[in-house]
**Student:** 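One structure coming up, written as structure tokens, with questions to follow.
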Amino acid sequence: MSINSETFAPDMLKGKTAFMTGGTSGIGLGIAKALAAHGAQVAVMGRDAAKATNAAGEIGNGAMGLAADVRDYAALDGVMAQAQEQMGPFDIVIACAAGNFLAPAAALSANAFKAVVDIDLLGSFNCLRAAYGRVHKPGASMIAVLAGQATRAMPLQAHACAAKAGVAMLVKCLAMEWGPEGIRVNGLTPGPVEDTEGFQRLMPPGMEEKFRNTLPLRRAQRMDEITAGALFLCSPAASYVSGTAIECEGATGLAPFPFM
Ligand code: HXC
């Protein structure tokens, strides 16, 4: 049994609708499944149409799988309009699409830096901005998935740190501007989640054991330990939580950085 089914009522999100970017794999897909398992109808958007369709099948509960690139506002807006037409206004919007790789700043081309900033920061803005006119007011919960990079300088991560720090500040600004209409906006910071592409990509070969031994909890994160954070932010328990980042990251940010 997952911690979510023990913690949150099975019908907590019954009748609610959710739109997610980056919901077709990794942490995003995990969150989409958790929302659907608690009753929400979810639309997930990714770059790959076939992957989005497969993800929707996995998520269930009438999920929609849609394809667009978060960097393309017009395409994202069009796909969101399609989801709204079918599902109605959204209760939950989650900007989860991210791109990352390890690279030293001195070897990073301007285009490489821009690619990550465009996916992570501009993509989060595009998602939340396009959703602004399509959410229930009051009552909507908007979430941007962050990363330890938002607050912690890391070697080989200048691009991702700059992008995610921007997303963390974007969350605060939107929470302030959209709060009067009853929209809550928060960040959600995962730790290193087992069996995700992000975990594999950011792990230099042969470093896994050393990495685990530096983590305060001496293990990586289970998927249900991060999806629980998303469910909390969508639950009535978080009705006065806005403009902050919920750090479900097992004190990873306090551990010495292992890859120097
Ligand atoms: C140096 C690299 C590189 C690498 C790509 N580039 N990979 N530079 N080291 N390992 C450079 C390319 O040479 C190019 O620059 C520029 O980046 C854009 O690359 P493209 O492949 O043309 O871009 P695109 O197809 O848009 O792909 C974007 C991407 C890619 C970020 C580079 O990796 C991607 O699509 N990622 C999405 C999936 C992903 O990253 N999942 C893991 C997410 S995990 P030049 O100068 O040659 O044109 C995650 C965890 C959170 O995000 C971490 C916090 C952020």
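This structure is a prediction, so every number in the text was calculated from the model and none was measured. The basis for the numbers below is simple: all heavy atoms, side chains too, and nothing from hydrogens, waters or symmetry mates. Counting starts at 1 for both ligands and their atoms, in listed order.
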**Student:** Quick one: nearest non-hydrogen protein atom to atom 16 (C) of ligand 1, plus distance?
**Tutor:**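 Of every protein heavy atom, Ala112 CA, 3.5 Å lies nearest to atom 16 (C) of ligand 1.
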**Student:** Does atom 41 (N) of ligand 1 have a protein heavy-atom neighbour under 4.0 Å away?
**Tutor:**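 Under the 4.0 Å cut-off, atom 41 (N) of ligand 1 does have protein heavy-atom neighbours.
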**Student:** Counting neighbours of NZ on Lys14 that are heavy atoms of other residues, nucleotides or ligands and sit closer than 6.0 Å, is the number greater than 12?
**Tutor:**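 For Lys14, atom NZ is not crowded (no more than 12 foreign heavy atoms under 6.0 Å).
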**Student:** Kindly confirm or rule out an N or O of Asn111 lying under 3.5 angstrom from an N or O of ligand 1.
**Tutor:**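 So ligand 1 has an N or O lying under 3.5 Å from an N or O of Asn111.
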**Student:** Any heavy atom of Arg47 sitting closer than 4.0 Å to ligand 1?
**Tutor:**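 Distance cut 4.0 Å: Arg47 passes for ligand 1.
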**Student:** Provide, to 0.1 Å, the distance between atom 19 (O) of ligand 1 and the closest protein heavy atom, together with that atom's residue and name.
**Tutor:**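 Going by distance alone, atom 19 (O) of ligand 1 is nearest to Ala115 CB, 4.8 Å.
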**Student:** Identify whether Met154 and Ile119 are in the same connected component of the hydrophobic contact network (ILVMFWY, side-chain heavy atoms under 4.5 Å).
**Tutor:**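 Different clusters: Met154 never reaches Ile119 through Ile, Leu, Val, Met, Phe, Trp or Tyr contacts under 4.5 Å.
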**Student:** Would you confirm whether Gln82, through its side chain, and Gln86, through its main-chain N or O, come within 3.5 Å as a donor-acceptor pair?
**Tutor:**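 A pair under 3.5 Å: no.
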**Student:** Is Arg71 close to ligand 1, meaning an N/O of one under 3.5 Å from an N/O of the other?
**Tutor:**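 Yes, at least one N or O pair falls under 3.5 Å.
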**Student:** For atom 43 (C) of ligand 1, find the nearest protein heavy atom and state the residue, atom name and distance (0.1 Å precision).
**Tutor:**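 Answer, as residue, atom name and distance: Ala98 O, 3.7 Å.
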**Student:** Can you check side-chain hydrogen bond (donor to acceptor under 3.5 Å, both in side chains) on Asn4 and Thr227, steps first, answer last?
**Tutor:** CA-CA 8 Å; Asn4 291 330; Thr227 60; 2.8 Å; yes
**Student:** Mark up the atoms of ligand 1 that fall under 4.0 Å of a heavy atom belonging to Ala160, in ascending order.
**Tutor:**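 In order of number, 55 (C).
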**Student:** Of the protein's non-hydrogen atoms, which lies at the shortest distance from atom 39 (C) of ligand 1, and what is that distance?
**Tutor:**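 Of every protein heavy atom, Arg201 CZ, 3.5 Å lies nearest to atom 39 (C) of ligand 1.
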**Student:** Without swapping roles, check the side chain of Glu225 against the backbone of Arg222 for a donor-acceptor pair under 3.5 Å.
**Tutor:**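 Looks like yes, one N/O pair under 3.5 Å.
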**Student:** Starting from atom 53 (C) of ligand 1, find the nearest protein heavy-atom neighbour and note its residue, name and distance.
**Tutor:**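 Going atom by atom, the protein heavy atom closest to atom 53 (C) of ligand 1 ends up being Asn100 ND2, 3.1 Å.
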**Student:** Ignoring hydrogens and angles, tell me if any N or O in the side chain of Asn186 forms a donor-acceptor pair with the backbone of Ala245 under 3.5 Å.
**Tutor:**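 The answer is no, because no donor-acceptor pair under 3.5 Å joins these two groups.
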**Student:** Please identify which atoms of ligand 1 are closer than 4.0 Å to at least one heavy atom of Ala103.
**Tutor:**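 Near Ala103, meaning under 4.0 Å from one of its heavy atoms, ligand 1 has 1 (C), 9 (N).
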**Student:** Check each atom of ligand 1 against the heavy atoms of Glu197 and keep those under 4.0 Å away; list them by number with element.
**Tutor:**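 Those of ligand 1 that fall under 4.0 Å from Glu197 are 38 (C), 39 (C), 41 (N).
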**Student:** Is atom 10 (N) of ligand 1 touching the protein, meaning some protein heavy atom lies under 4.0 Å away?
**Tutor:**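 There is a protein heavy atom less than 4.0 Å from atom 10 (N) of ligand 1.
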**Student:** Is the closest N or O pair between Asp120 and ligand 1 shorter than 3.5 Å?
**Tutor:**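 Such a contact does not occur with ligand 1.
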**Student:** Could you identify the single nearest non-hydrogen protein atom to atom 51 (C) of ligand 1 and state the distance to 0.1 Å?
**Tutor:**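 Ranked first by proximity to atom 51 (C) of ligand 1 is Ala147 CB, 4.2 Å.
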**Student:** So, does Asp118 use its side chain to make a donor-acceptor pair with the main chain of Arg71 at under 3.5 Å?
**Tutor:**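 No; zero donor-acceptor contacts below 3.5 Å.
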**Student:** Any non-hydrogen protein atom below 4.0 Å of atom 21 (O) of ligand 1?
**Tutor:**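 So atom 21 (O) of ligand 1 lacks protein heavy-atom neighbours under 4.0 Å.
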**Student:** Would a 4.0 Å cut-off, counted as strictly less than, catch a protein heavy atom around atom 13 (O) of ligand 1?
**Tutor:**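 For atom 13 (O) of ligand 1 the answer is no, since every protein heavy atom stays at 4.0 Å or beyond.
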**Student:** With atom 3 (C) of ligand 1 as the reference point, say which of Phe113, Phe101, Phe199 has the nearest heavy atom.
**Tutor:**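 Considering heavy atoms of Phe113, Phe101, Phe199, the nearest to atom 3 (C) of ligand 1 sits in Phe101.
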**Student:** Mind listing the side-chain donor-acceptor pairs of residues 189-200 below 3.5 Å, one per line with the distance, residues two or more places apart or on another chain?
**Tutor:**
unit_1: Glu194; atom_1: OE2; unit_2: Arg212; atom_2: NH1; d: 2.6
unit_1: Thr196; atom_1: OG1; unit_2: Val193; atom_2: O; d: 2.8
unit_1: Thr196; atom_1: OG1; unit_2: Phe199; atom_2: N; d: 3.3
unit_1: Glu197; atom_1: OE2; unit_2: Arg201; atom_2: NE; d: 2.8
unit_1: Glu197; atom_1: OE2; unit_2: Arg201; atom_2: NH2; d: 3.0

**Student:** Do Phe90 and Ile143 sit in the same hydrophobic cluster, where Ile, Leu, Val, Met, Phe, Trp and Tyr count as joined when their side-chain heavy atoms come under 4.5 Å apart?
**Tutor:**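 No, Phe90 does not connect to Ile143 through the hydrophobic network.
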**Student:** For atom 29 (C) of ligand 1, tell me which residue out of Leu102, Ile119, Ile27 has the closest non-hydrogen atom.
**Tutor:**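 Result: the heavy atom closest to atom 29 (C) of ligand 1 is in Ile119.
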**Student:** If only atom types and distance count, is the side chain of Arg134 paired as donor or acceptor with the main-chain N or O of Pro89 below 3.5 Å?
**Tutor:**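 No, the answer is negative, given that no donor and acceptor are paired below the 3.5 Å cut-off.
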**Student:** So which protein heavy atom does atom 45 (P) of ligand 1 come closest to, and at what separation?
**Tutor:**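 Its nearest protein heavy-atom neighbour is Ser109 OG, 3.6 Å.
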**Student:** What side-chain donor-acceptor pairs closer than 3.5 Å can you find for residues 25-43, not counting sequence neighbours?
**Tutor:**
unit_1: Lys33; atom_1: NZ; unit_2: Glu58; atom_2: OE1; d: 2.8
unit_1: His38; atom_1: ND1; unit_2: Ala9; atom_2: O; d: 2.9
unit_1: Gln41; atom_1: NE2; unit_2: Gly62; atom_2: O; d: 2.9

**Student:** Determine whether a donor-acceptor pair (N or O, by modelled atom type, separation under 3.5 Å) exists between the side chain of Asp120 and the backbone of Gly99.
**Tutor:**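 A pair under 3.5 Å: yes.
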**Student:** May I ask you to check whether Gln149 has an N/O atom sitting below 3.5 Å from an N/O atom of ligand 1?
**Tutor:**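 Gln149 vs ligand 1: no N/O contact under 3.5 Å.
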**Student:** With heavy atoms of Lys164 as the reference, note each atom of ligand 1 found under 4.0 Å away.
**Tutor:**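 So the atoms of ligand 1 that pass are 54 (C), 55 (C).
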**Student:** Tell me whether Arg152 contacts the main-chain N or O of Gln149 through its side chain, where contact means a donor paired with an acceptor under 3.5 Å.
**Tutor:**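 A pair under 3.5 Å: no.
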**Student:** I need the atoms of ligand 1 closer than 4.0 Å to a non-hydrogen atom of Gly198, numbered in the order shown.
**Tutor:**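 Within the 4.0 Å cut-off of Gly198, ligand 1 contributes 44 (S).
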**Student:** Which residue is it: Met64, Met87, Met45, Gln84? I am looking for the one with a side chain to side chain contact (heavy atoms under 4.5 Å, CB included) to Phe19.
**Tutor:**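 Considering Met64, Met87, Met45, Gln84, a side chain to side chain contact (heavy atoms under 4.5 Å, CB included) with Phe19 is found only for Met45.
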